Amino acid sequence: ASQLLAGGALAFVWWKARGEGRRFVHERTASGLLVAGLVVLLVIATRSGIDPVDRGMYAAAVTVVLVLAVAARESGPVSWPERMLGSAPMERLGGLSYGTYLWHWPLVILLERTLVLGHGTTLVLVALASTGLAKLSMDLVERPVRARSHGATHRANVSAIGIGLTGTLLLGLLVVPGVLEADVDQIRAAERPGFTPAPVTITVPVEVPVESDAGQTAADAVDADAASTAAPEPEVRPAVPTTGPVPGDLGAIDVDSTYGERDGCVNVVPGSLEQCVVVEGDGTRVMLMGDSHASKLNIAFAEYAEANGFAYVVVTTNGCAWQQTLRYRDALPIDGAKRACAESRDVAYDQFVDSFAPDVIVVMSHDFATPGYTVEPRPDEPTTEGLSGDELVVTATTDAIDVLTAGGAELVIIEPIPISPFHVPGCLSGADAIEECQFVTTDWPPGDTEIYRTLADEYDAARTVDMTDLACPAVPVCSAIVDGVQVREDRDHLYAGYTLAIIDELMARIGL
């Protein structure tokens, strides 16, 4: 929609600005803009970590620049970028481009459900197949309809539209469910990385302290032997994941709350403290900070704050670690987003900690070990300049604890939760049984969790909270659905309905 609207707006403005005065771009400048625009489009199309909506907006803006570069340039010889874009193959592809767009997504879904392919292979296959199908649909459907309707009456055109809509509805209602419910060999969790067909049984040994032999009397030795003989059996805790048929709603229940995930200051640079207050209460003053993992707890925190009379403020930014002096290297590929992350953290640390005077500050972020979430120092922060790895995390976390607890607040660090190796709802949508979409936590916890625990032990006002068993009640096996509720809304974020289900236990661990 953004690209269609941008094109319509550009056409309108160009129509209003008639005359030779609109030729205001030098031919060399036009060529440079064309080359730069094409390079930017290539980067936008291939760079991971860009939100799909943002990607469309950026592409629309660049496309407007490309059109202006051609339409507004001064007269002169045609440049090589214009010759390339105006060549017959490019014109034919342009004429098919909207059909290619319509066909490509069903093909992506079909390939992901039936084959295990790399991203590059999927790109090539989808590009070729969607272009071919666009050509077929153009020749077999669009052009014949246009030819028949050319010069037709208004009534005939209305009839054609009605027949088309009726046919589309019948196709959607009758054919699509049959295709989706067909016995197709879809990719199951058993073929996915990290899957195990557990149940898994965990044996927890019970340690019996035994004193040294030094100074031990005969009677003491007898008592020790008796205690050893009478030691309780090791606790056997079966970690049985949720099993059974996948429910029709995939565990996506109705979230009954008057609050939303974006209430308060979520993904915005705060303008005032009042903007970030979600619940105004007279009791404990609670502040939540972090990245999108913290944002997913927003609804549950707000509900709990209202029920208990807390004052609750939230300042979270997607792709933005909770420590003030570091940032993700790749999660925010746009420099403007990185600046907004830094500005948001600065406002929270430098202003809100004093003006709100929280009793408890709760922070949470993605782990730093997962590819794409490696951290680097903020370029404008001298305390972490030149640092990397664990040394960077230790320094940045120490600085953050010092600032956040200086006014008497207690800092609670919620440790990162395990990340699924696949998109959990996507797996459920193609599975028959819930256990097909479980995964196993491996090499957990990550190194940054160990750093948090070590540093928290050094501060009276800092604690960590491990919610691994809340995100994975059958740890180390992580179920897709627990008690009928979907646990994750993608690979790593908790589903809002599930956070409401575990909030009492989580708040008890936080100490609220």
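None of the values given here were measured: they were computed from a predicted structure. When reading the values below, keep in mind they use all heavy atoms of this one structure, side chains included, and skip hydrogens, waters and symmetry mates.
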Just by distance, no angles: are the side chains of Thr325 and Thr383 close enough, under 3.5 Å, to form a donor-acceptor pair?
no
Shortest non-hydrogen separation from Cys437 to Ala480 and the atoms involved
O-CB, 3.7 Å
Any sub-3.5 Å donor-acceptor pair from Arg463's side-chain atoms to Val412's backbone N or O?
no
Once you round to the nearest 0.5 Å, how far does CG of Asp291 lie from OG1 of Thr317?
9.0 Å
Name each donor-acceptor pair under 3.5 Å that joins a side chain in residues 387-395 to protein atoms two or more places apart or in another chain, with its distance.
| residue | atom | partner | partner atom | Å |
| --- | --- | --- | --- | --- |
| Thr395 | OG1 | Glu391 | O | 2.9 |

Are the side chain of Arg491 and the backbone N or O of Ile419 linked by a donor-acceptor pair below 3.5 Å?
no
Say whether Asn298 and Tyr312, considering side chains only, have a donor N or O and an acceptor N or O under 3.5 Å apart.
yes
Hey, are Ser295 and Glu261 close enough side-chain-wise for a donor-acceptor pair under 3.5 Å?
no
The criterion is side chain to side chain contact (heavy atoms under 4.5 Å, CB included); which residues satisfy it with Tyr459, sequence neighbours excluded?
Thr398, Ile401, Asp402, Ala462
Option passing side-chain hydrogen bond (donor to acceptor under 3.5 Å, both in side chains) with Thr464 (candidates Glu450, Arg509, Glu415):
Glu415
Is Glu82 reaching over with its side chain to a backbone N or O of Ser79, donor-acceptor style, under 3.5 angstrom?
yes
Report yes or no: does Ser344 contribute a side-chain atom to a donor-acceptor pair with the main-chain N or O of Cys341 at less than 3.5 Å?
no
Residue pair His293 / Pro416, side-chain heavy-atom distance below 4.5 Å
no
Ignoring hydrogens and geometry, is there a side-chain-to-backbone donor-acceptor pair from Arg262 to Asn267 under 3.5 Å?
no
In terms of the angle between their ring planes, are Tyr373 and His366 parallel, tilted or perpendicular, with boundaries placed at 30° and 60°?
parallel
Start with the C-alpha gap between Leu68 and Leu33, add the side-chain angles, then the distance that decides, and say whether side chain to side chain contact (heavy atoms under 4.5 Å, CB included) holds.
CA-CA 9 Å; Leu68 282 173; Leu33 287 173; over 6 Å; no
Side-chain heavy atoms of Arg488 within contact of His493, under 4.5 Å
no
Is it true that a side-chain atom of Ser479 and a backbone atom of Ile481 form a donor plus acceptor pair closer than 3.5 Å?
no
